[in-house]
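Everything on this sheet refers to the single structure shown next.
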Amino acid sequence: MKFAAKILIAFLFLSLIQAQSFEKYFHDSTMRIDYHHTGDKTSEWVSVDKIYKYGTWAGSKKNLTDKFNNGRFYIKVYDAADKSLIYSKGFDSYFGEYQMSGPAAKGIKKAFHETALIPYPKNKVKFVVEKRDDKKELYKIFETEIDPSSIDIIRMNFEEKDILVYKSHVSGNPHTSMDLAIIGDGYSSNDVEKFKSDIDRFTKLMLKTEPYVHFQDKINIYGVLKPSSESGIDEPRADIYQNTSLSSTFNSMGSERYLLTEDNKALRDVAANVPYDAVAIMVNHHRYGGGGIYNFYCTFTTDNQFADYLFLHEFGHSFTGLADEYYTSSTAYNEMFKLDIEPLEPNITALLDKDNLKWKKLVTKGLSLPTKWEKEAYDKKSYEWTKERAKLNSKVAELKRNKASKEEIEAAEKLYAEKDAENSKWVDEYLQNCKHFGKVGAFEGAGYLQFGMYRPELDCIMFSKGVKPFCKVCQSAIAKVIKSYTE
C-alpha cells in the first residue's frame with residue numbers, strides 16, 4: 001500500500017475515533033458554566049455562579065482537547081467515572097490582566113465574571129481550572145464535580161424578542177465551521193441599519209484578508225444586537241457615561257484607549273442567541289479604542305480612521321492568541337513578558353534558543369538571528385509620538401469634561417486624527433525602506449519590550465496601525481486555529 005494511502009486511512013480512522021468520543025461523552029448541546037474569578041496579584045479563588053443548558057454545540061466534534069498550549073489559564077473537563085480528559089481549552093481573562101495591574105499589586109481584590117463553554121456532558125464530569133506559574137507550567141486552582149442531570153442547571157432559551165440576529169455570512173454546519181458572533185454595543189434602536197451596515201463592512205474586510213480569505217466556505221459570521229438605551233459608550237476621562245446593553249467602556253484598567261466590558265453575563269446572554277466559537281464586541285463610536293483577550297472576547301470601535309486595523313488586530317489577540325508586537329506604547333499592565341522565559345504566543349520570542357526558533361521553517365534563507373534592523377531612528381520617533389499622543393488625548397478629554405463647545409472638541413479631535421495619520425504614514429514608509437522589509441527573521445522589539453524580545457517581520461498588523469497584511473508567522477498561526485474548528 002502506498003504511503004499516501006496509509007496516511008489517509010490513518011486520518012479517517014482517527015476521525016472516526018474522535019467522532020465516537022464525542023458521542024460517548026457528550027450531547028449535541030451547550031453547557032455554559034458561569035463563575036466568579038476573584039483576587040489580587042498574589043491571591044485568587046474561583047466560585048461557580050450558574051450553569052446553563054441551551055442550543056446546539058457550536059464547536060468541533062473532533063478536536064475536543066486543546067493542542068495549542070497558549071493562554072494563562074486552561075479549563076479541563078474529565079469524565080468522573082473513567083477519569084479521561086474529554087475537553088480542554090486555553091484562555092486568558094480580564095481577571096488575569098487585572099492581576100498584572102497596579103491596583104492588584106497593592107492588594108486591592110476584585111471579582112470578575114467569566115464563562116466556560118463546553119459540549120453538554122452525558123454523565124458526571126470533573127470541571128477544573130488551571131493556571132500557569134512563573135515558568136509557564138500549569139497547576140490547578142479550582143475543581144468541582146458537575147452532574148448534568150442536576151435540577152440546579154438552568155435549561156434556558158436565550159432568545160428575546162428585542163434581540164436582532166443578522167446573518168452576515170453563513171456558509172456551513174457550526175461543527176465544521178469557525179463561528180464568529182459580532183455583538184453590537186452602543187447602538188440604539190435608531191441605529192439598527194447602521195449596525196447592519198457595520199457588520200457587512202467588517203465581514204467583507206475579514207473575508208478578503210489573508211488567511212481568512214482561504215476559509216470563506218468554512219466561516220460563519222453573525223451579527224447580534226440588543227439595542228442600547230443610548231448611542232455610544234462610556235468615556236470616564238471625559239465624564240461621559242451612556243446606558244448601553246453591554247456596558248463597554250474606554251479607560252479600562254486606567255488605559256485611555258483600552259476598551260472592555262466587565263458585564264460578562266450580559267455579553268454571554270446576548271451571544272447565546274447564535275452558535276459561536278469566538279466573540280467580538282463591535283462598539284458604535286468614533287474614538288480609537290479596542291482590546292483583545294485570548295479565547296475571551298475582543299472589542300473595536302467602528303468609526304475611526306483605523307477601524308479596519310483595530311478589528312483585525314484585536315481579533316488576532318482573542319481568536320489566535322497573538323501577542324502585541326509593538327513596544328513603544330504604554331500598556332495597562334505590568335510584567336506581561338519576561339526575558340528569561342519563552343513566551344507561549346506564536347508570534348514573539350525571547351530567542352533563548354535560536355537554533356529552535358518557533359517559526360524557523362519560515363525564516364528567510366540567509367538571514368541571521370537575531371536580525372539587525374534600523375531600530376534607533378524608529379525608536380526615537382516612536383517614543384516622541386507616544387508622549388505627544390498622550391497630551392493630545394488628554395486635551396480632548398479635558399475639553400469634553402469641561403463641556404467645551406462642540407467646535408473646540410471637534411477641532412482637538414481633528415488635530416489628533418491628523419497627527420496620528422501622519423505618524424502612521426511615517427512608520428509605514430520608514431519600515432518599507434528598511435533593508436529586510438518583508439523578510440522573516442527575529443527583529444528586536446516586541447511584546448512591549450524595547451530590548452530582548454523579538455518579532456518575525458519588521459511590520460505586521462500586530463505591530464503597527466494601517467492597511468497591511470499579517471506577517472507570514474501570524475498568518476500561519478491563524479490558519480491553524482481555523483482548521484482546529486473546521487477539520
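All values below were derived from every heavy atom in this structure, side-chain atoms included, with hydrogens, water molecules and symmetry-related copies excluded. Since this is a predicted model, take the numbers as computed values, not measurements.
- Checking I183, D185, V279, L225 one by one against V270, the side chain to side chain contact (heavy atoms under 4.5 Å, CB included) holds for a single residue, I183.
- The cationic group of R132 does not satisfy the cation-pi geometry with Y139, failing either the under 6.0 Å distance to the six-membered ring centre or the 45° limit from the ring axis.
- Side chains of S484 and K480: no donor on one and acceptor on the other come within 3.5 Å.
- Listed by chain and residue number, K131 satisfy the side chain to side chain donor-acceptor pair (under 3.5 Å) test with Q99 (two or more places apart in sequence, or in another chain).
- Between T261 and D263, the side chains place no donor N or O within less than 3.5 Å of an acceptor N or O (distance only, hydrogens not considered).
- Within the cation-pi definition used here (under 6.0 Å to the ring centroid, within 45° of the axis), R287 qualifies as a partner of F250.
- Ion pairing between K110 and E262 holds under the 4.0 Å rule for side-chain N and carboxylate O.
- Side-chain contact between K194 and T302 is present, with heavy atoms from C-beta onward closer than 4.5 Å.
- Within the 6.0 Å centre-distance limit, the rings of Y326 and Y448 are counted as a close aromatic pair.
- Look at D66 and K89 and you find no salt bridge, because none of the NZ, NE, NH1 or NH2 atoms lies under 4.0 Å from a carboxylate O.
- The aromatic ring centroids of F202 and F300 lie less than 6.0 Å from each other.
- Atom OH of Y98 and atom CE of M253 lie 10.0 Å apart (nearest 0.5 Å).
- Taking the six-membered ring where the residue is Trp, F195 and Y187 present perpendicular rings, their angle passing 60° and hence far from 30°.
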Just distance, no hydrogens or angles: give the donor-acceptor pairs under 3.5 Å from side chains in residues 215-223, sequence neighbours left out.
| residue | atom | partner | partner atom | Å |
| --- | --- | --- | --- | --- |
| Q216 | NE2 | L207 | O | 3.4 |
| Q216 | NE2 | V213 | O | 3.4 |
| N220 | OD1 | S171 | N | 2.6 |
| N220 | OD1 | S171 | OG | 3.4 |
| N220 | OD1 | G172 | N | 3.1 |
| N220 | ND2 | G172 | O | 2.9 |
| N220 | ND2 | D179 | OD1 | 2.8 |

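- Counting only residues at least two apart or on different chains, the side-chain hydrogen bond (donor to acceptor under 3.5 Å, both in side chains) pairs with a member in residues 307-322 are Y309-H313, H313-H317, H313-D324, H317-D324.
- A centroid separation of 6.0 Å or more is found between the aromatic rings of F91 and Y294.
- Between Y87 and F26 there is a side-chain heavy-atom pair separated by less than 4.5 Å.
- Checked against the 6.0 Å centroid threshold, H113 and Y35 do not count as a close aromatic pair.
- Looking only at atom types and distance, the side chain of D200 has a donor-acceptor partner in the side chain of Y166 under 3.5 Å away.
- No cation-pi contact links K140 to Y74, judged by a cut-off of 6.0 Å to the six-membered ring centre and 45° from its axis.
- Shown here for P227 and S188, the closest heavy-atom pair between the two residues is CB-C, 4.0 Å.
- The aromatic rings of F470 and Y212 sit perpendicular to each other, their planes meeting at more than 60°, with 30° as the lower class boundary.
- Residue H37 is tested with F112, Y94, F73, F296 for a ring pair (Phe, Tyr, Trp, His ring centres under 6.0 Å); the sole match is F73.
- Using a 4.0 Å cut-off between charged side-chain N and carboxylate O, D92 and R72 make a salt bridge.
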Kindly indicate, with the supporting measurements, whether the criterion salt bridge (charged side-chain N to carboxylate O under 4.0 Å, His left out) is fulfilled by R201 and D198. CA-CA 5 Å; R201 175 159 56 101; D198 288 343; 3.1 Å; yes
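- Inter-residue side-chain proximity for S29 and Y54 is flagged as unmet; no heavy-atom pair is nearer than 4.5 Å.
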